[in-house]
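Working notes, beginning with the structure itself.
Throughout, residue positions are numbered sequentially from 1 according to the sequence presented. Values in this document were obtained by computation on a predicted structure and should not be read as measured data.
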Amino acid sequence: MKDWVEAFLLHLQNKNFSPYTIKAYRENLTEFLHFAKTCRQEDLRFFTPANIRSFLAGAQTEKHVSRNTVLRKIAALRSFAAYLLEQGELASNPFKLLPAPKREKILPKFLTVPETDRLLESAAHSKNFAPRDKALFELMYSSGLRRSEVTGLKVKDVDFFNGVVKVLGKGSKERLVPVTDAALAALKDYLACRPSPQPQDALFLNAHGKPLTGDGLAYIFKNTAISAHLARKVTPHSLRHSFATHLLNNGCDLRSLQEMLGHQSLAATQVYTHVSLEKLKNVYRHAHPKSKEQDL
């Protein structure tokens, strides 16, 4: 089975799946391989509904494992099963009679506007490389980019004239996202510090002059949040959530936000609508003649 897992992961790579998706699938399938090994049966005959159900039942009993984590394991195994069916290695789909648990509704964690300002200010005064970090944080808050999207940017992807950035998102889909004047100015200052940056060069570099990686970006965020004295955990996705939340709170429509975030469906964007409830209440209080009599 191990050889088939490697073939499947190579198949995903050839189809331009995100490196983070491939990494997650590898981890989940490796767990299943370990489970098969403990059962002393490591070939594809082990890939049955009963054994998959036993594996998932064991995962659900682990401490601190959320329902969404189990769903990610199911997604990896289901995709692997689909691949094996295409290759003619399975007679039937083992997931046909396996119901998946419902996804937990986890509200996105975002920063308030003052917290975001403190984070951007901290980045602008970074001890290591302030011009890069200022440009990095301004751009991510400006455009709501994913971690993989910002580390995949090249110098040529920033259109300073039109004020947009070309982003390669999930499924290798390109989109254009607006960029604030503050972010464009920070990017110009940062590139001016670079020795003759070429259009094909990575937009953001690490301390060794190599393209910034996802882990490197996470490290920068961690240190910047500490410097900003933010009590909560801050990740690159926190800034993406903040971008979406603040836009909605200031009147952005869901369809436009969906385009900017690169969501395939509007349902994925609707998770942010809860954060506009307070604004909705304020509008109601000011507009409804009887609102002052209501206990909201």
Side-chain angles (χ1 to χ4, degrees), residues 1-62 64-106 108 145-149 151-152 167-175 213-215 237 240 258-259 261-271:
M1 195 189 308
K2 184 177 181 181
D3 291 341
W4 278 110
V5 168
E6 291 300 326
F8 168 63
L9 295 173
L10 181 60
H11 169 72
L12 296 183
Q13 186 176 340
N14 292 336
K15 292 187 70 174
N16 293 320
F17 272 62
S18 162
Y20 300 102
T21 299
I22 295 174
K23 180 182 178 182
Y25 276 23
R26 178 181 292 279
E27 291 174 353
N28 292 324
L29 291 172
T30 299
E31 287 180 27
F32 185 76
L33 288 174
H34 178 72
F35 174 70
K37 187 175 181 179
T38 59
C39 296
R40 299 183 179 181
Q41 189 176 344
E42 300 179 59
D43 57 39
L44 289 178
R45 288 177 297 176
F46 186 78
F47 203 57
T48 65
N51 290 329
I52 293 172
R53 189 181 291 109
S54 296
F55 169 71
L56 295 175
Q60 287 177 306
T61 57
E62 293 179 14
H64 309 299
V65 174
S66 68
R67 188 187 306 168
N68 288 347
T69 298
V70 174
L71 283 171
R72 285 192 288 270
K73 297 179 190 295
I74 292 174
L77 292 169
R78 192 189 298 274
S79 295
F80 183 47
Y83 172 74
L84 293 175
L85 284 168
E86 289 177 2
Q87 302 301 313
E89 294 297 321
L90 291 181
S92 61
N93 187 349
F95 282 91
K96 191 173 183 179
L97 300 176
L98 282 178
K102 291 184 178 180
R103 182 173 295 276
E104 290 178 319
K105 292 183 178 180
I106 301 177
L145 304 184
R146 299 180 177 94
R147 182 171 69 168
S148 60
E149 292 171 346
T151 54
V167 182
L168 187 64
K170 287 186 175 181
S172 297
K173 293 184 179 180
E174 289 186 349
R175 69 182 189 278
T213 64
D215 289 341
H237 231 63
R240 177 173 164 86
Q258 177 192 358
E259 288 293 324
L261 290 173
H263 286 160
Q264 288 188 339
S265 68
L266 193 61
T269 314
Q270 287 176 331
V271 68

- Looking only at heavy atoms, the pair that brings E149 and L168 closest together is CG-O, 3.6 Å
- Please report the closest heavy-atom contact between A76 and Y25, naming both atoms and the distance. CB-CD1, 3.8 Å
- Query: Any side-chain heavy atom of L77 sitting closer than 4.5 Å to one from L29?
  - Reply: yes
- Please examine the side chains of F8 and S79, heavy atoms only from C-beta on, and report whether any two atoms are closer than 4.5 Å. yes
- Message: Restricting to non-hydrogen atoms, name the atom on F47 and the atom on L90 that form the minimum distance, rounded to 0.1 Å.
- Response: CD2-CD1, 3.8 Å
- Message: In terms of relative ring orientation, are F46 and F32 parallel, tilted or perpendicular, with 30° and 60° separating the classes?
- Response: tilted
- Query: Do the charged groups of R26 and E6 touch, with an N to O distance under 4.0 Å?
  - Reply: yes
- Task: Sequence neighbours left out, what passes side chain to side chain contact (heavy atoms under 4.5 Å, CB included) with I22? Give chain and number order.
- Result: L9, L12, Q13, F17
- Query: So L145 and V167, side chain to side chain contact (heavy atoms under 4.5 Å, CB included) or not? Walk me through it.
  - Reply: CA-CA 8 Å; L145 304 184; V167 182; 3.6 Å; yes
- If you look at every heavy atom in A36 and M1, which pair is closest and at what distance? CB-CE, 4.5 Å
- Item | Set of residues satisfying salt bridge (Lys or Arg N to Asp or Glu O under 4.0 Å) with respect to R53, sequence neighbours excluded | none
- Rounded distance (nearest 0.5 Å) linking atom CG of L266 with atom CD of E259: 10.0 Å
- Query: If you measure from NZ on K15 to CG on L10, what distance do you get to the nearest 0.5 Å?
  - Reply: 12.5 Å
- For atom CD of Q264, decide whether the heavy atoms of other residues, nucleotides or ligands shown that lie under 6.0 angstrom number more than 12. no
- Query: Counting distance only, does the side-chain N/O of R240 pair as donor-acceptor with the main-chain N or O of R147 below 3.5 Å?
  - Reply: no
- Query: Regarding T48 and N51, is there a side-chain donor-to-acceptor distance under 3.5 Å anywhere?
  - Reply: yes
Identify all side-chain donor-acceptor contacts of residues 80-89 below 3.5 Å with residues at least two apart in sequence or on another chain.
none

- Could you tell me whether K73 and E31 make a salt bridge, using a distance below 4.0 angstrom between a side-chain N and a carboxylate O? yes
